[in-house]
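Reminder, nothing fancy here: chain letters follow the sequence lines and each chain counts from 1. Computed from a predicted structure; not experimentally measured.
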Amino acid sequence: MENDSVAKIVANPKYQHLVSTRSRYGWILTAIMMIVYYGYIALIAFDKESLAARLGEGVMTVGIPIGFGVIVFTIIITGIYVRRANSEFDQLTHEIIEESGK
Amino acid sequence: MSGRQVRVFGGLALALLSAAALAAGGDLGQVEKQATNWTAITMFGAFVLATLWITKWAAARTRSAADFYTAGGGITGFQNGLAIAGDYMSAASFLGISAAVMMNGYDGLIYSIGFLVGWPVITFLMAEKLRNLGKFTFADVAAYRFKQTPIRAFAASGTLVVVAFYLIAQMVGAGQLIKLLFGLEYWIAVVIVGALMMIYVLFGGMTATTWVQIIKACLLLGGATFMAFVVMYNYGFSPEQLFAAAVKVKADSAIAAGKSIEEAGTIGQAIMGPGSFIKDPISAISFGMALMFGTAGLPHILMRFFTVPDAKEARKSVFWATTWIGYFYILTFIIGFGAIVLVSTNPQFLDAKGGLLGGGNMAAIHLANAVGGNIFLGFISAVAFATILAVVAGLTLSGASAVSHDLYATVFKQGKADSASELRVSRITTVALGIIAVVLGIAFEKQNIAFMVSLAFAIAASANFPVLFMSVLWKDCTTRGACWGGFLGLIVAVVLTVVSPSVWEATLGNPKGSALFPYTSPALFSMAAGFIGIWLFSILDNSARAKEDRAGYLAQSVRSETGIGAAGASGH
């Protein structure tokens, strides 16, 4: 890529908006995922009983819905990011490319 | 039953450790040869015929190096998601996790979650940048603004080391599994896997490799769904009833082992909560990091990001991969509980001592027989074999790309190689890798190779991932920093693995407790070494090249964010 076209794109406020919004969004979601997973691991490492506690009369424990919840959460949070990136961020990227005259 | 119960609880920690390697596609351990299973062999034959037909179709479309490495970038996000999931749902992951759930209940779930949580992080921080910067191999991304020769040499070493360990583990696993399921000799199984894998890669390149993986992923998901469905059907689709029955089975066998009713109740209920899987938090976190970030450094997984046409499809592929892998782990959990109630109570599947016929990893295979009879047993066995085949084909392709694209075309020919000669070199490498894999697979038959897949993950997390991450996201990263730091991570990962209990004691036969490094996985320390190395050697680097490296960041970041100038699909 030519240096002047790089400079032109970097100077475009839309580009700056895209990069800062997307990277902030990505890092926030990463932090949430880390908190959920390592929180789950810490719960197991330091307080096994809370997960082994029964949920009522039967054998079902608190840990089962929480464990399945982590799996479902992982899928959902990925979906949330992809949905926004594939609509809003891609639209913005498209506009930047158009404006850069490429 | 009593003997089995004692072993179950006595060997609990050990079983999970070995399952750790298994889930990623590793060692199945020494197994007994079974009677020749013609149903399974026939079904597998049908799978092979179908995939050979696909290879013939793919071969007609594989003309250029781009077709060979990335299927011309013409795979959709949905298809690629299935293929990535297929790379992940190895035979040993299916058998290993369901066996771990059958033995330890809840701990198997904790373990499988570790494999899933890396995917969102890859999506948020890496996937689209990889697609926008890369062409054929992950070295294209890492070397984007750096001096090509050293960084390519590093990336090719990182790739080949990871591929070698992963491949040996798969080949040995294939031999053991086939001995177990089909009743064939070990060496015959290894040669069949090697030969078929070479045919797929040689003639069909990435197109054939991807479609073999997609077909297998569909068969495996379909088969596992059917098993989980029948198990749930037997319990009126009530998880509570299934779990209650499983708790009762565990408690009954504890009573049979001479426990008091109260103790037996506790032992039974224990499968519903965390057990001894996570004993020291450092091992847990270190292992979790190897799984989470190793995924983002496995060359055969990264390569799949270049098979889709653009960043949008790359994101879709990780979303679908995460969905299918998550769904698959939910199924294996149900299958593991199904095995507790339907397999461990049925004398047909047990040996004289009350253990599972053929070894602990047979849980899902016996359950297939219990829910679907001999035909379904044959189907699941054939799918398990197909799975190994598909995974080794992807590994070989990624090793061949590192040699032909990174070493031959970029380092050796200084980027002046034409597509035809690059293609020829990758085919020669494929044959060489296939022969090496068969020879090593046979040589390692009797070795304890449980550590190999964990080592591959640790190296990927400590060498490949830090270099990739820092070169894409850190402005001041330089060629020297990336190479030295990357090699440092690689060496620390290998050394710490060698002096860890699983190699020092279990493989090299040193006395128990003599291992210098006490934890399960080196990732926490070796990843730190890799990142700190890259940072330190970069900030200390004042060479003229370092200025060039830093100056190149702006153009790299524009391309990584927008995809302007990125390699598109090569039109068909």
key: Under 4.5 Å from any heavy atom of chain B - which part of A/Phe46   = side chain
message = Within this structure, what is the OG1-CD1 distance for the pair B/Thr562 and A/Ile96, rounded to the nearest 0.5 Å?
response = 7.5 Å
task = Measure distances from B/Leu125 to the heavy atoms of chain A and classify the residue's part below 4.5 Å as side chain, backbone, both or neither.
result = side chain
ask   = Are any of the side-chain heavy atoms of B/Trp119 and A/Met33 separated by less than 4.5 Å?
value = no
key: Interface moiety of B/Met289 toward chain A, non-hydrogen atoms closer than 4.5 Å   = both
remark   = Residues A/Tyr40 and B/Ile110: closest non-hydrogen pair is OH-CG1, 3.7 Å
key: From CG (A/Asp90) to CG (B/Asp310), nearest 0.5 Å   = 7.5 Å
query = Checking heavy atoms, do the side chain of B/Ile285, its backbone, both or neither come under 4.5 Å from chain A?
reply = both
Option in B/Ala311, B/Gly273, B/Pro120 with maximal non-hydrogen atom pairs under 4.5 Å from chain A = B/Pro120
query = So which part of A/Leu18 gets closer than 4.5 Å to some heavy atom of chain B, the side chain, the backbone, both or neither?
reply = side chain
inquiry  = Main chain of B/Met272, side chain of A/Thr61: is a donor-acceptor contact present, judged purely on distance under 3.5 Å?
reply    = yes
note = Applying a strict 4.5 Å limit to non-hydrogen atoms, the region of B/Val247 in contact with chain A is side chain
query = Which one of B/Tyr106, B/Phe333, B/Tyr327, B/Phe124 has the most heavy-atom pairs closer than 4.5 Å to chain A?
reply = B/Phe124
query = Who are the side-chain hydrogen bond (donor to acceptor under 3.5 Å, both in side chains) partners of A/Gln16, not counting sequence neighbours?
reply = none
remark   = dist A/Tyr37:OH -> B/Leu116:CG (nearest 0.5 Å) comes out at 10.0 Å
ask   = With only heavy atoms counted, which part of A/Thr78 is less than 4.5 Å from chain B, the side chain, the backbone, both or neither?
value = both
query = Do A/Ile75 and B/Phe319 have side chains that get closer than 4.5 Å, going by heavy atoms?
reply = yes
Side chain, backbone, both or neither of A/Met60 within contact of chain B (heavy atoms, under 4.5 Å) = both
task = Report yes if the side chains of A/Val59 and B/Gln241 come closer than 4.5 Å at any heavy-atom pair, otherwise no.
result = no
ask   = A/Asn86 and side chain to side chain donor-acceptor pair (under 3.5 Å): which partner among B/Lys312, B/Lys316, B/Arg315?
value = B/Arg315
request  = Mind checking the CD-CD1 spacing from B/Glu240 to A/Ile64? Nearest 0.5 Å is all I need.
outcome  = 10.0 Å
query = Which bit of A/Tyr15 comes within less than 4.5 Å of chain B, counting heavy atoms only: side chain, backbone, both or neither?
reply = side chain
query = Hey, are the side chains of A/Ile71 and B/Ile113 touching, using non-hydrogen atoms and a 4.5 Å cut-off?
reply = yes
query = Given a strict heavy-atom distance threshold of 4.5 Å, which part of B/Gln269 is in contact with chain A: side chain, backbone, both, or neither?
reply = side chain
note = Residues pairing under salt bridge (charged side-chain N to carboxylate O under 4.0 Å, His left out) where one sits in residues 21-37 of chain A, two or more places apart or in two chains, turn out to be A/Arg22-B/Glu128, A/Arg22-B/Glu561
Any side-chain heavy-atom pair of B/Ile564 and A/Ser100 under 4.5 Å = yes
message = I'd like to verify something: which residue of B/Val121, B/Ile330, B/Ile325 has the highest number of heavy-atom pairs under 4.5 Å with chain A?
response = B/Ile330
ask   = How far apart are the closest heavy atoms of B/Leu109 and A/Gly67, and which atoms are they?
value = CD2-CA, 3.9 Å
request  = Look at A/Thr93, A/Leu51, A/Leu29 and state which one has the largest set of heavy-atom pairs under 4.5 Å with chain B.
outcome  = A/Leu29
